[in-house]
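No hydrogens, no waters, no symmetry mates; every other heavy atom, side chains included, goes into these values. Each residue takes its place number in the sequence, starting with 1.
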Amino acid sequence: LCNTNWYNYQLSEISKYLAIDEYIDMCLMHCYANPGDGPQYYYGNRNTPAGPIYFTAWDIEDSFGGGSRRTGPPVSIETMNMGGNDRFKAYFKVKNNADFRMRFADRAYRHCFNNGVLTDANAGAVWDSLCTFIEKAILCEIARWGDERGSVYDYNHWYKEWQDVKDDIHGRANKLITALKSANMYPSV
């Protein structure tokens, strides 16, 4: 996958080696969240019978301007501050394929508009749901770790972080589309 220039190939040929939609979604998630220590992901495939590579994001808790020290607004992969060795090698091998670029733009449109998962309302609802789910456990964590760094972190501190991230989510899909347009990964029309 990473040793071929896929410029003149059909998507059907690329899909033998890469789970395209799933990979694009992972790339978009990294661009949207802009994790401070990204990219970090695992990948795997089947060898018998042969199958495409699937990528799974991990260790991206250092995301969103409200809750992080090393992140910022959405970016394109081209402008992401990347550590590690991989640096989205597969992306850079397939991004110049016209069909892949269109699929990438289609996936971005799907997620960022018309009630997609990255629209403000839906991303905010998912965030609220996750925070509500762990809210009682946070009280236990505060009791155990609330003064770990010499300062006392209480429920109000945690609740403010919840709200800060939710505020940061507002408008993020539009910022992602702007970043993708700047990288020529989303059309101007």
Side-chain angles (χ1 to χ4, degrees), residues 1-65 67-112 116-119 122-123 126-127 129-130 133-134 165 168-169 172-173 175-177 179-187:
L1 178 64
C2 291
N3 292 323
T4 301
N5 182 348
W6 296 97
Y7 181 77
N8 288 320
Y9 287 81
Q10 298 292 317
L11 274 183
S12 60
E13 186 66 24
I14 299 171
S15 70
K16 293 177 184 176
Y17 301 95
L18 177 66
I20 295 170
D21 289 346
E22 293 83 352
Y23 183 69
I24 291 171
D25 290 350
M26 188 202 66
C27 289
L28 288 170
M29 189 259 322
H30 270 88
C31 293
Y32 178 86
N34 191 5
D37 59 354
Q40 294 189 43
Y41 47 78
Y42 291 115
Y43 51 89
N45 69 309
R46 292 178 57 105
N47 289 326
T48 307
I53 297 171
Y54 284 84
F55 287 77
T56 303
W58 71 281
D59 194 25
I60 62 167
E61 77 284 351
D62 191 13
S63 299
F64 303 110
S68 173
R69 298 178 301 276
R70 299 180 287 177
T71 188
V75 294
S76 67
I77 288 177
E78 289 78 3
T79 59
M80 187 177 287
N81 181 18
M82 292 186 253
N85 295 323
D86 191 289
R87 303 174 196 254
F88 286 102
K89 287 179 189 174
Y91 170 83
F92 287 105
K93 287 296 188 173
V94 297
K95 78 171 239 167
N96 292 319
N97 179 286
D99 293 332
F100 178 84
R101 293 170 77 82
M102 184 54 67
R103 180 71 66 89
F104 194 95
D106 288 345
R107 300 294 294 177
Y109 180 80
R110 175 185 180 148
H111 298 312
C112 293
V117 71
L118 297 180
T119 59
N122 286 338
V126 169
W127 179 248
S129 176
L130 292 170
F133 183 75
I134 66 167
V165 170
D168 188 56
I169 287 171
R172 209 163 179 87
K175 292 174 186 173
L176 172 60
I177 294 298
L180 296 177
K181 284 180 178 179
S182 294
N184 296 316
M185 289 304 289
Y186 194 88

Point-to-point distance, once rounded to the nearest 0.5 Å, from [atom1] of [X] to [atom2] of [Y]:
| X | Y | atom1 | atom2 | answer |
| --- | --- | --- | --- | --- |
| Thr56 | Tyr23 | OG1 | OH | 12.5 Å |
| Asn184 | Arg101 | CG | CZ | 6.0 Å |
| Ser15 | Asp99 | OG | CG | 11.5 Å |
| Ile20 | Ile53 | CD1 | CD1 | 12.0 Å |
| Leu176 | Leu118 | CG | CG | 7.0 Å |
| Met185 | Ile77 | CE | CD1 | 7.5 Å |

Is the shortest side-chain heavy-atom distance between [X] and [Y] below 4.5 Å?
| X | Y | result |
| --- | --- | --- |
| Lys181 | Ile177 | yes |
| Leu130 | Val126 | yes |
| Phe55 | Asp25 | no |

*asked:* Under the criterion side chain to side chain contact (heavy atoms under 4.5 Å, CB included), I'd like the reasoning laid out for Leu180 against Leu28: C-alpha separation, chi angles, the key distance, then a yes or no.
replied: CA-CA 9 Å; Leu180 296 177; Leu28 288 170; 3.8 Å; yes
_Ring geometry between Phe100 and Tyr91 (parallel below 30°, tilted from 30 to 60°, perpendicular above 60°)_ =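 Perpendicular: the ring planes of Tyr91 and Phe100 meet at over 60°.
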Closest contact, heavy atoms only, [X] versus [Y]:
| X | Y | answer |
| --- | --- | --- |
| Met29 | Ala57 | CE-CB, 3.2 Å |
| Ala90 | Cys2 | N-SG, 3.7 Å |
| Pro187 | Ala105 | CD-CB, 3.6 Å |
| Pro74 | Arg172 | CG-CG, 3.2 Å |

_side-chain hydrogen bond (donor to acceptor under 3.5 Å, both in side chains) partners of residues 4-14, not counting sequence neighbours, each pair once_ =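 As it turns out, the side-chain hydrogen bond (donor to acceptor under 3.5 Å, both in side chains) pairs with a partner in residues 4-14, which skip direct neighbours, are Glu13-Lys16.
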_Residues that Lys175 engages under salt bridge (charged side-chain N to carboxylate O under 4.0 Å, His left out), provided they are two or more places apart_ =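 Lys175 satisfies salt bridge (charged side-chain N to carboxylate O under 4.0 Å, His left out) with no other residue.
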*Pairing residues for Asp21 by the salt bridge (charged side-chain N to carboxylate O under 4.0 Å, His left out) criterion, not counting sequence neighbours*: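 For Asp21, the residues satisfying salt bridge (charged side-chain N to carboxylate O under 4.0 Å, His left out) (neighbours in sequence not counted) are Arg103, Arg107.
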*How about His30 and Phe88: are their ring centroids closer than 6.0 Å?*
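Centroid separation for His30 and Phe88: below 6.0 Å.
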_Just checking Tyr186: does its OH atom have more than 12 heavy atoms from other residues, nucleotides or ligands closer to it than 6.0 angstrom?_
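Yes - once you tally the heavy atoms of other residues, nucleotides and ligands closer than 6.0 Å, there are more than 12.
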_Please evaluate residues Arg110 and Asp106 with respect to the criterion side chain to side chain contact (heavy atoms under 4.5 Å, CB included), reporting the C-alpha separation (whole Å), side-chain torsions for both, the decisive distance (0.1 Å), and the verdict._
CA-CA 6 Å; Arg110 175 185 180 148; Asp106 288 345; over 6 Å; no
